[in-house]
Amino acid sequence: MLLRHTKKASEAVDRKALTINPAKTCQPVGAMYAALGVHGCLPHSHGSQGCCSYHRSVLTRHYKDPIMASTSSFTEGSSVFGGQANLLTSLSNIFSIYEPDIVAIHSTCLSETIGDDLKQISEKALADGKIPEGKFVVQAATPSYVGSHVTGYANMVTAFVDKFAFKTDEKRRQVNLISGWVEPSDMTELKRIMKVMKVPYVLLPDTSDVVNTPLTGKFKMYPTGGTTIAQMASMGDSIGTIGTGAFCTKDAAIALENKCKVPFKITDVPVGLRATDRFIQAVAKMAKVSVPDEITKERGVLVDAIADMQQYFHNKKVAVYGDPDTITPLVEFLLDLGMKPTAIVSGTPGKAFMKNMETILSEKCPEAKYLNGPTADMYRMHTWIKENPVDLIIGNTYGKYIARDENIPFVRFGFPIIDRIGHSYFPTVGYMGTLRLVEKILNALMDYQDANCPEEKFELVM
Amino acid sequence: MTKNLKNKNLPDPIAMREEIMKKYPRKVAKKRTSAFVVNDPVEIPEVQANVRTIPGIITQRGCTYAGCKGVVLGPTRDVVNIVHGPIGCSFYAWLTRRNQTAPPTENDVNYIPYAFSTDMQDENIVFGGEKKLKEAIREAYNEFKPHSIAIFSTCPVGLIGDDVHSVARDMKAELGINIFGFSCEGYRGVSQSAGHHIANNGVFKHVVGINQEKKLTTKFRMNMMGEYNIGGDAFVLEEYFEEMGIDLVASFSGNSTIESYEYSDQVDLNIVMCHRSINYIAEMMEKKYGIPWFKVNFIGADATAKSLRKMAQFYGDAGMIKATEALIEREMAKVKAVIDEVKPKVEGKTVMMFVGGSRAHHYQELFKEMGMKVVAAGYEFAHRDDYEGRRVIPNIKIDADTRNIEDLVVDKDEKLYRPDLQEKKAALEKQNFEFEDYVGMMPDMDKNTLVIDDISHHESEKLIELYKPDLFCAGIKEKYVVQKSGIPLKQLHSYDYGGPYAGFEGAINFYKEIDRMINASVWKLIDAPWKLEPEIVGSVVTD
Ligand code: SF4
Ligand code: SF4
């Protein structure tokens, strides 16, 4: 057994201080990922170089693509005297050596604990002439002792909106789409949906064609993708903003409303049938368009596949862990499939999660156990599984240890996925993306049945 | 005779360095030039190493915590390693370093698949985190009843004034198991290297030699140091030692237990694989217990044979020498069969290697065996002695960053000291047997090759453009950057999830792997067939 010391829930001690096998990570990695979704932008980690190294590594393992970011490389001295000198030196070096259009600075636990004021230092850099003409610096405070990687993503996206969106006298017939933390493939799918609906849009951030680039024989420090400065500027004149996933996008949508009076609507990340329904309706309503037949057809295809295969989902118990914005609609969808999500954790704190879970689960799956925040970790979920076994696990790569020990089918979903590819290229949002999720779940369950059922029960047609 | 790497296909190194430095602001160029030297294996030039990375530069380096928790203590399976800090540091070091471990039975302890963290929150930063840390230790103890618990401090901990050492003492008294802390905050040093030193100090102070009850009775006892069992390297070596009749008491730290460290003072010899990360313990054990050490290298078939012979010679036992020779003969036959097949396919290809604190040197052996040319190499977190050899140690400037890290004052243990081993050492030294030896990377590299410390992204990008090497070796952050240029990159931290590469079996795996990498069809399929065709005019597409 890999996780040989994990106990059953009824035998495990009640933990308040010790996290074991976290279901979250820290803010800066989210800020780094969000910043990669802006064209010509270099994320910069203001702290000791270890954080930057770890964040780049995990993103690289997840995408198998270059993840470029710089660091202030603090040492003991900077920790005592503050990081201003390091950041000023960093900025002048970055602009002359790596030539980005934008440097997106995020803090780390270290610089936050010291109390470095990123905004004030950036202003000083500008005053000192360290930021060349036509180049920009944005900054987000991302202390990891608050929230999680999801919070860091939200903070960075908000920083972009704050810095670049402007209101002019000209209204634009376009919708701002602020995306929660999803894969580049999902960003491409969101854009396709907007095109099919004939709704002009700005998508922020947009990591497609940044972290899933082609092999051409030439490395490009700033790939073709990413939201441009002009696009971000135009967001202030849009007719409205749709944010997918409250944890990741609500702050940015509010900031845009405050700054440019652009009204907003927050929906779920469109994972699953009904979350996609709500997303499509929100877009249609805001843009005042009717839903095109092509979208309705895609929906029908998804419903058809579920109807065809529903027997394989029925009453199957599922353990789910990950980020609130994506696992909330996922749990709703699992119930729609007829499954029973009985063990759910998210390391990301926030009261809304527990409330949403209660609304979704109380009637259809009252036996479900769920928790978020500190110590809502994968160890806890595993103790629940040991007490009350499940038929399927859905979550990031770390779930493979539980899946192997307990011999449970496993579907990879979330961040990080560092042992398989696919998430970079094939979406799990929208009706078509949900169809892929359906296929993945079925494959996991049916491969398991094929491998484990008695010979006389082996089925040719399923 | 030293070889001179003068090849008309390769650019002039001095001119090329100037070209690369052009992009840098003046101050940066000056600093980087001292870390970017043209090698001369005889008149070894000085390399700037172990100094701070310039802020803003995209570097390969990690932090002190990574060196302490990730590298040195991470591979040990019977200790609960609690990371005291916000969640990230613990999350990223969770299982990502591929240290394999093999508990003897299903019932033996193994905490490696677990990540433990105090997940500090806002209020812990403001009001201090000691209380939470104590509670976390209690919870870990109650849940697992471990043999020992280690605490690792991450960046904020030192700043807010949490004293992990006093917490460790208090909890040790309360729970009655060994509990010890490391002040390995990320900013403590200029790289992972500081963390290695801190880990060495802590393990030596709190663990080595604390079990004097257990008495070892085997005949030839040894510790292996600086071998981390990436991809199963240690498993290969363990078999060799067994065949030679050597009892491997403790490994620092691949496939190891803290329990074995507790009686690791009862050996006759320490062999050192990665000099950078572990030489401190080897030296301290010699001072305290009189145990001699020498450097070995098990990367490369010839290097392995040489190291095994040296070990057998040290023990001087006829049976062991015979067994060792038999082993080498048997394994070398297998190695030869593969090298004969692979060499013609890779000979003359050029390689660059920027990694670690010893691997960029060790792996040159394997490339030499394949007839490949290392044209540039460097470390991520080494010191000057790892480049130029231990003879420069007395001349290394001690700067403020190095002074931060305690140099333990170690005294002779009058009861446990082994004068017999020191006498043996003196006798062997008379026969030109070298102890405490490490000549560094540069004497083993050709003239006019490049030696670059803490290489930056800009430098490696330019090197690739100017040299067009056939293979690049580095880590995960560089992997896809280099491969986008159409050049395969072999990860020498994680081995690209392959291995083992140590010993004879490892050498065979490595030859085959490099052949596969360099000669895979995919590198020739990058350009679409129509790229070279004339553009077609006219179209049937209507819009
Ligand atoms: S916070 Fe400090 S200890 Fe943690 S990864 Fe960053 S540099 Fe290393
Ligand atoms: S110090 Fe903070 S920002 Fe850095 S890795 Fe650790 S948790 Fe993340």
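Proteins get letters first, then strands, A, B, ... in listed order; numbering begins at 1 in each. As the structure is a prediction and not an experimental result, all values here were calculated from the model. Quick note: numbers below take in every heavy atom, side chains included, and nothing from hydrogens, waters or symmetry partners.
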> Should B/Asp119 and A/Thr375 be marked as a side chain to side chain contact (heavy atoms under 4.5 Å, CB included) after you check the CA-CA gap, both sets of side-chain angles, and the distance that decides it?
Replying inline: CA-CA 8 Å; B/Asp119 186 12; A/Thr375 77; over 6 Å; no
Distance from [X] atom [atom1] to [Y] atom [atom2], nearest 0.5 Å?
{"X": "B/Ile58", "Y": "A/Ser53", "atom1": "CD1", "atom2": "OG", "value": "12.5 Å"}
{"X": "A/Ser144", "Y": "B/Asp122", "atom1": "OG", "atom2": "CG", "value": "11.5 Å"}
{"X": "A/Ser57", "Y": "B/Gln60", "atom1": "OG", "atom2": "CD", "value": "10.5 Å"}
{"X": "A/Ser92", "Y": "B/Lys27", "atom1": "OG", "atom2": "NZ", "value": "8.5 Å"}
{"X": "B/Ile57", "Y": "A/Gln49", "atom1": "CD1", "atom2": "CD", "value": "11.5 Å"}
{"X": "A/Leu215", "Y": "B/Ile526", "atom1": "CG", "atom2": "CD1", "value": "4.0 Å"}

Find out whether [X] and [Y] are in side-chain contact, i.e. whether some heavy atom of one side chain is under 4.5 Å from a heavy atom of the other.
{"X": "B/Ser456", "Y": "A/Tyr98", "result": "yes"}
{"X": "A/Ser96", "Y": "B/Tyr24", "result": "no"}
{"X": "A/Ile97", "Y": "B/Pro25", "result": "yes"}
{"X": "B/His457", "Y": "A/Met221", "result": "yes"}

Quick check on [X] against chain A: is it the side chain, the backbone, both or neither that has a heavy atom closer than 4.5 Å?
{"X": "B/Arg188", "result": "both"}
{"X": "B/Val28", "result": "side chain"}
{"X": "B/Asn110", "result": "both"}
{"X": "B/Lys477", "result": "both"}
{"X": "B/Glu461", "result": "side chain"}
{"X": "B/Thr96", "result": "both"}
{"X": "B/Val157", "result": "neither"}

> Under the side chain to side chain contact (heavy atoms under 4.5 Å, CB included) criterion, do A/Thr19 and B/Phe91 qualify, and how do the steps go?
Replying inline: CA-CA 10 Å; A/Thr19 289; B/Phe91 179 85; over 6 Å; no
Between [options], which shows the greatest number of heavy-atom pairs under 4.5 Å with chain B?
{"options": "A/Gly347, A/Gly47, A/Pro214", "value": "A/Pro214"}
{"options": "A/Arg15, A/Lys64, A/Met1, A/Lys220", "value": "A/Lys64"}
{"options": "A/Pro143, A/Ser90, A/Ser45, A/Gly147", "value": "A/Ser90"}
{"options": "A/Asp377, A/Val80, A/Thr216", "value": "A/Thr216"}

Does one side chain, of [X] or [Y], offer a donor that lies under 3.5 Å from an acceptor on the other?
{"X": "A/Ser78", "Y": "B/Tyr187", "result": "no"}
{"X": "B/Lys484", "Y": "A/Thr213", "result": "yes"}
{"X": "B/Ser485", "Y": "A/Lys218", "result": "no"}
{"X": "A/Tyr145", "Y": "B/Glu123", "result": "no"}
{"X": "A/Thr6", "Y": "B/Tyr114", "result": "yes"}

> Could you walk me through whether A/Ile20 and B/Phe144 pass the side chain to side chain contact (heavy atoms under 4.5 Å, CB included) check?
Replying inline: CA-CA 12 Å; A/Ile20 313 174; B/Phe144 302 110; 3.8 Å; yes
> Is there a donor-acceptor pair closer than 3.5 Å between any side-chain N or O of A/Lys7 and the backbone N or O of B/Glu143?
Replying inline: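 Yes, because the side chain of A/Lys7 sits within donor-acceptor range (under 3.5 Å) of the backbone of B/Glu143.
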>> One pair to check against ring-ring contact (aromatic ring centres under 6.0 Å, His included): A/His5 and B/Tyr111. What are the steps and the verdict?
In response: CA-CA 8 Å; A/His5 304 289; B/Tyr111 297 112; 4.4 Å; yes
> Would you call B/Asp108-A/Arg4 a salt bridge at under 4.0 Å N-O?
Replying inline: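 No, no charged N to carboxylate O under 4.0 Å.
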> Which one of B/Asn142, B/Leu133, B/Thr118, B/Ile82 satisfies the side chain to side chain contact (heavy atoms under 4.5 Å, CB included) criterion with A/Leu18?
Replying inline: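 With A/Leu18 as partner, side chain to side chain contact (heavy atoms under 4.5 Å, CB included) holds for just one option, B/Ile82.
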> Are B/Ile476 and A/Arg61 close enough, and set up right, to give a side chain to side chain contact (heavy atoms under 4.5 Å, CB included), and what steps lead you there?
Replying inline: CA-CA 7 Å; B/Ile476 183 69; A/Arg61 290 185 183 113; 3.8 Å; yes
> Residue by residue, which of residues 67-75 of chain A have a heavy atom closer than 4.5 Å to a heavy atom belonging to chain B?
Replying inline: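 When heavy atoms of chain B are the reference, residues 67-75 of chain A contributes A/Met68, A/Ala69, A/Ser70, A/Thr71, A/Ser72, A/Ser73, A/Phe74, A/Thr75 within the under-4.5 Å range.
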